[in-house]
Amino acid sequence: MEENDVIDLLIHQHNMIKDLFDEVERASMSERPEAFRRLVRMLAVHETAEEEIVHPYARRKLEGGKEIVDDRLTEENEAKQMLEHMDESGVNDPEFMSNLAHLRTSVLAHAQNEERYEFAQLREHTSEAERRTMAAAVKAAEAIAPTHPHPGVESATKNVLLGTPAAIMDRVRDGIRRARGDKS
Ligand SMILES: [Fe+2]
Ligand SMILES: [Fe+2]
């Protein structure tokens with residue numbers, strides 16, 4: 001990914017998330033598990049990177065940052081619970097498609113709120129260098145959990161794709177904190 005500005009990068013990921021929802025919706029029953037895993041992975045990487053890297057910064061630096069970020073975290077937690085529920089009940093659950101539509105509406109509204117209320121202000125209150133540093137950290141989080149299977153590494157990818165949404169988020173969070181040099 002080329003984006004060196006964290007805001008551009010996160011908006012790009014919002015578009016990828018939208019595409020992945022399309023893919024799950026269009027997938028045949030046999031393609032559905034894999035398509036859903038890709039969506040889970042992307043959401044886990046994206047929301048965890050925001051929570052670890054971007055929201056803390058916005059909370060400190062933006063006017064009304066605390067309220068803005070608290071609202072975003074409420075939305076993120078709601079989506080996580082839905083995702084966790086869908087993961088537990090599985091892709092063959094009769095409610096899967098209606099849950100997916102509900103999750104999509106909620107996640108995309110959340111993304112729009114971020115772009116409108118958080119990212120726009122953040123762009124004004126950060127330097128290019130700060131946005132570049134944060135972009136590098138988000139990319140490192142993505143590298144911990146690859147989003148695109150490459151031909152020839154199917155089995156490795158399948159292994160990486162295992163785990164509940166919460167487990168994937170924990171792994172990404174640990175990776176970000178280790179890369180940052182936090183003491184655990
Ligand atoms: Fe988010
Ligand atoms: Fe986001």
Side-chain angles (χ1 to χ4, degrees), residues 1-25 36-87 99-126 130-148 164-177 179-180:
M1 197 172 297
E2 290 308 312
E3 279 83 356
N4 292 316
D5 179 305
V6 73
I7 309 287
D8 294 339
L9 179 60
L10 292 174
I11 291 174
H12 177 76
Q13 289 186 347
H14 286 171
N15 292 327
M16 284 172 66
I17 288 167
K18 208 182 292 171
D19 291 345
L20 288 168
F21 271 107
D22 288 345
E23 279 180 36
V24 182
E25 277 167 9
F36 182 59
R37 293 317 289 173
R38 282 202 297 271
L39 174 65
V40 168
R41 164 155 301 270
M42 183 73 237
L43 282 173
V45 170
H46 176 78
E47 299 302 347
T48 307
E50 285 177 342
E51 284 172 20
E52 289 294 311
I53 298 158
V54 178
H55 294 335
Y57 193 99
R59 187 188 287 278
R60 286 197 310 272
K61 294 269 176 153
L62 303 186
E63 199 177 317
K66 184 185 176 303
E67 289 72 22
I68 293 169
V69 169
D70 282 347
D71 288 349
R72 299 297 81 74
L73 289 176
T74 304
E75 295 162 357
E76 280 170 16
N77 285 330
E78 199 185 292
K80 271 187 220 171
Q81 277 170 20
M82 279 192 258
L83 200 59
E84 204 67 35
H85 168 75
M86 289 177 72
D87 185 68
N99 287 335
L100 185 74
H102 186 185
L103 180 71
R104 179 192 181 113
T105 304
S106 156
V107 165
L108 297 186
H110 163 68
Q112 205 171 55
N113 288 340
E114 283 177 336
E115 292 178 21
R116 193 173 295 164
Y117 303 115
E118 184 178 356
F119 297 173
Q121 258 207 84
L122 204 56
R123 209 192 282 273
E124 282 170 32
H125 289 84
T126 44
E130 285 172 315
R131 291 199 300 279
R132 204 179 313 122
T133 304
M134 285 191 270
V138 174
K139 284 188 213 177
E142 248 193 319
I144 295 162
T147 47
H148 293 298
T164 63
I168 298 171
M169 285 177 197
D170 281 349
R171 202 154 64 212
V172 173
R173 186 170 287 115
D174 284 350
I176 293 171
R177 291 183 179 176
R180 201 162 53 193

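Both counts, for ligands and for their atoms, begin at 1 and track the order of listing. All residue numbers refer to positions in the sequence shown, counting from 1. Any value given below was found using the heavy atoms of this structure, including those in side chains, with hydrogens, waters and symmetry copies removed.
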**Fill in**
ang(OE2 Glu76, the Fe ion (ligand 1), OE1 Glu47) rounded to 10° is 80°
**Prompt:** Do Lys18 and Asp22 sit within salt-bridge range, that is, some charged N less than 4.0 Å from a carboxylate O?
**Reply:**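 No, this pair does not count.
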**Prompt:** Would you call the rings of Phe119 and His14 parallel, tilted or perpendicular if under 30° counts as parallel and over 60° as perpendicular?
**Reply:** parallel
**Prompt:** For the Fe ion (ligand 1), which N, O or S atom of Glu114 is at the shortest distance?
**Reply:**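 Nearest N/O/S atom: OE2.
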**Asked** Taking all atoms of both residues into account, what is the closest heavy-atom pair of Ala44 and Met169, and its distance?
**Response**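 For Ala44 versus Met169, the nearest heavy atoms are CB-CG, 3.7 Å.
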**Request:** Identify the heavy atoms of Leu43 and Leu103 that sit nearest to each other, and give their distance.
**Result:** CD1-CD2, 4.5 Å
**Prompt:** Near the Fe ion (ligand 1), is there an N/O/S atom from His110 that is less than 2.8 Å away?
**Reply:**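 Checking the Fe ion (ligand 1) against His110, an N, O or S atom does fall under 2.8 Å.
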**Message:** With a 6.0 Å cut-off (strictly less than), is the heavy-atom count around OH of Tyr57, excluding the residue itself, greater than 12?
**Reply:** yes
**Geometry at the Fe ion (ligand 2) - His46 NE2 versus His14 NE2 angle, rounded to 10 degrees** = 90°
**Asked** What N/O/S atom of Glu50 is the closest to the Fe ion (ligand 2)?
**Response** OE2
